[in-house]
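Okay, structure first, notes after.
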Amino acid sequence: MHEAGIDPSDGTDPSGGTDAPAVRSADILDEPVPADEIPDSVPGESRAVETNGVRLHVVEAGPEDGKLLVLLHGFPEFWYGWHEAIAPLANAGYRVVVPDQRGYNCSEKPPAVRDYRIGELARDVVGLIDAYGRETAAVAGHDWGAAVGWWLALHHAERVSEFVAVNVPHPTVFERELRGSWDQRLKSWYVLAFQLPRVPEAVARAGNWRLAVRGLRESSLPGTFDDEDVRRYRRAWNRDGAFQAMVNWYRAIVRERPSPERTAVEVPTLVLWGARDQFLTRRMAGRSVEHCADGRLLTLETATHWVVHEEPHRVAEAIADHADPLPPGARE
């Protein structure tokens, strides 16, 4: 069932107010959700969630009483980046919640660069956990979603039961690598290019998003992004203000240059890494685990940065095993 419905919860505001419920029908979103937004293969529904001053579109699936699992996408994707992992994770017993993060696709798109500072992005997820009436959630993030997840684990550890970081390192490791490695600086050239006003948006949009599509396809294994995937990405990028908001994530991180309050991660953490990542040096994966009190590394040797698309079932299995909402043997 893919239609937006009425939330079955009691309608209370977790922040303590008595206004509109935090999780609501997707009909209230500023951006209309297309009828085909959720593929038939995904057992999910669209919702609208009010969190941290913004209204987010989320796709939710799995048993309502299951352990809450939040999946965070990266650039230049949206919730759909996780679409092949949702069904196996829902079948594993999770209540799976996959937002379009702020600025993306059908979610609200605040106009200022400062609206995309990493602390705000992390508080969006805290509010999402509140909206579902939970104290904690397992969190898995890919790319920018992993960056938000690391910040959550470092600054809101009491709200995260387990964390899975996919192909983005611990922020301290990334900062040190950028300072000390020309190899990583060259791989991250696009971050500086994104600081230019208006130019990145215009270049990306040219030729019906020709360069953006080429970037996805040339940095992934052959056949990873098919024509249907590209159609969906173009639709998301074309939404009014979306690509500017997406690029503002990069502008905000460079302008703010935030440093975490601590470097040690106490949340049980799995670093999952596609070894053939063209954007991030492999050594950062192991160095990230060194900052975790309870951390381990799983490397997929044949996968690229887009491992969530290339190995979705292996990724889902790794997440399910790490957070483990069911008793031993129950999943079988």
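In this chain, numbering begins with 1 at the start of the sequence shown. Note that the structure is predicted; figures quoted are calculated from it, not measured.
Ring geometry for His305 versus His142: interplanar angle of 30 to 60°, hence tilted. Relative ring orientation between Phe194 and Tyr190 is described as perpendicular, the plane-to-plane angle rising above 60° on a 0-90° scale split at 30° and 60°. Between Trp306 and His309, the ring planes lie perpendicular to each other; the angle is over 60°, past the 30° to 60° tilted range.
Judged by distance alone, with hydrogens and angles left aside, the side-chain atoms of His73 form a donor-acceptor pair with the main-chain N or O of Gln101 at under 3.5 Å. Distance alone, capped at 3.5 Å, is enough to place a donor-acceptor pair between the His322 side chain and the Pro268 backbone. With hydrogens and angles disregarded, no donor-acceptor distance shorter than 3.5 Å links the side chain of His155 to the backbone of Gly119. With hydrogens and angles ignored, the 3.5 Å screen pairs no side-chain donor or acceptor of Asn167 with any backbone N or O of Asp143. The closest donor-acceptor contact from the side chain of Asp277 to the backbone of Phe279 lies under 3.5 Å. Remark: the backbone N or O of Glu108 is not paired with any side-chain donor or acceptor of Asp30 at under 3.5 angstrom. Judged purely by atom type and a 3.5 angstrom limit, Glu266 has no side-chain atom pairing as donor or acceptor with the backbone of Leu154. The backbone N or O of Leu270 sits nowhere less than 3.5 Å from a side-chain atom of Arg296 that would complete a donor-acceptor pair. When atom types are taken as modelled, the side chain of Trp150 and the backbone of Pro169 share a donor-acceptor pair closer than 3.5 angstrom.
There is a side-chain donor-acceptor pair under 3.5 Å between Arg283 and Ser181. Of the N and O atoms on the side chains of Glu120 and Asn52, at least one donor lies less than 3.5 Å from an acceptor on the other residue. Defined by atom type and a distance below 3.5 Å, a donor-acceptor pair is missing between the side-chain atoms of Arg235 and Asn238. For the residue pair Ser46/Glu37, the side-chain donor-acceptor check at 3.5 Å is not satisfied.
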Exercise. Checking side-chain contact (heavy atoms from CB on, under 4.5 Å) for the pair Ile118/Val148: CA distance, chi angles, key distance, verdict?
Worked result: CA-CA 7 Å; Ile118 191 72; Val148 174; 4.0 Å; yes
For this session: Start with the C-alpha gap between Arg95 and Glu64, add the side-chain angles, then the distance that decides, and say whether side-chain contact (heavy atoms from CB on, under 4.5 Å) holds.
Result: CA-CA 6 Å; Arg95 183 59 164 172; Glu64 293 179 15; 3.7 Å; yes
Problem set entry | Residue pair Glu310, Ser220: steps toward the side-chain hydrogen bond (donor to acceptor under 3.5 Å, both in side chains) verdict | CA-CA 8 Å; Glu310 294 159 347; Ser220 60; 4.8 Å; no
Problem set entry | Derivation of the side-chain contact (heavy atoms from CB on, under 4.5 Å) call for Gln184 and Phe174 | CA-CA 9 Å; Gln184 185 56 57; Phe174 201 5; 3.9 Å; yes
For this session: Would you please test Ile28 and Glu50 for side-chain contact (heavy atoms from CB on, under 4.5 Å) and show each step?
Result: CA-CA 10 Å; Ile28 70 167; Glu50 298 176 17; 3.8 Å; yes
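For the side chain to side chain contact (heavy atoms under 4.5 Å, CB included) with Leu72, the qualifying choice from Val125, Val166, Asp124 is Val125, the only one to do so. For the ring pair (Phe, Tyr, Trp, His ring centres under 6.0 Å) with Tyr250, the lone residue among Trp144, Phe243, Trp189 that qualifies is Trp144.
Salt-bridge check for Glu31 with Arg239: passed, with a basic side-chain N closer than 4.0 Å to an acidic carboxylate O. Look at Arg198 and Glu201 and you find no salt bridge, because none of the NZ, NE, NH1 or NH2 atoms lies under 4.0 Å from a carboxylate O. Taking the charged nitrogens against the carboxylate oxygens, Glu175 and Arg257 do have a contact shorter than 4.0 Å, which makes a salt bridge. Taking 4.0 Å as the cut-off between side-chain N and carboxylate O, Arg217 and Asp227 count as a salt-bridged pair. A salt bridge is defined here as a Lys NZ or Arg NE, NH1 or NH2 lying under 4.0 Å from an Asp or Glu carboxylate O, and Glu301 with Arg282 meets this definition.
Both Val307 and Met284 are members of a single hydrophobic cluster when ILVMFWY side chains are connected at heavy-atom separations under 4.5 Å. Phe75 and Val70 fall within the same hydrophobic cluster, where Ile, Leu, Val, Met, Phe, Trp and Tyr residues are linked whenever their side-chain heavy atoms come under 4.5 Å apart, directly or through other members. Linking ILVMFWY residues whenever their side-chain heavy atoms come closer than 4.5 Å, directly or via other members, places Phe78 and Trp209 in the same cluster. No chain of hydrophobic side-chain contacts below 4.5 Å, direct or via other Ile, Leu, Val, Met, Phe, Trp or Tyr residues, connects Trp273 to Leu221. Under the 4.5 Å side-chain contact rule for hydrophobic residues, Leu178 and Leu192 do not share a cluster.
Surrounding CZ of Arg234 are more than 12 heavy atoms belonging to other residues, nucleotides or ligands, all under 6.0 Å away. Residue Glu228 places its CD atom among more than 12 non-hydrogen atoms of other residues, nucleotides or ligands, all under 6.0 Å distant. In Asp226, the CG atom is crowded: over 12 heavy atoms of neighbouring residues, nucleotides or ligands sit closer than 6.0 Å.
Atom CG in Leu121 sits 9.5 Å away from atom CG in Asp115 (nearest 0.5 Å). Here CH2 of Trp249 is found 8.5 Å from CZ of Arg102. Values are rounded to the nearest 0.5 Å. The structure places CG of Leu280 at 10.5 Å from CG of Asp183, a figure rounded to the nearest 0.5 Å. For the atom pair CD of Gln195 and CZ of Arg255, the computed distance is 7.0 Å after rounding to the nearest 0.5 Å. Expressed to the nearest 0.5 Å, how far CD of Glu60 lies from OH of Tyr132 amounts to 4.0 Å. Interatomic distance, CD1 of Ile86 versus OH of Tyr94, reported as 14.5 Å (0.5 Å rounding).
Residues Leu56 and Ser107 come closest through the heavy atom pair CA-OG, 3.3 Å. Across every non-hydrogen atom of Pro258 and Trp151, the tightest pair is CB-CH2, 3.8 Å. The two atoms that bring Tyr104 and Pro76 nearest to each other are CE2-C, 4.3 Å, heavy atoms only. Residue Asp229 comes nearest to Phe225 through the heavy atom pair OD2-CA, 3.5 Å, listed as atom of the first residue, atom of the second, then distance. Of all non-hydrogen atoms in Arg47 and Leu29, the two that sit nearest each other are O-CD1, 4.2 Å. Shown here for Thr281 and Glu177, the closest heavy-atom pair between the two residues is OG1-OE2, 3.2 Å.
Annotation: cation-pi geometry satisfied between Arg185 and Trp182 (NZ/CZ under 6.0 angstrom from ring centroid, within 45° of ring axis).
Looking at heavy atoms from C-beta onward, His57 lies in side-chain contact with Trp79 at the 4.5 angstrom threshold. Inter-residue side-chain proximity for Arg117 and Arg123 is flagged as unmet; no heavy-atom pair is nearer than 4.5 Å.
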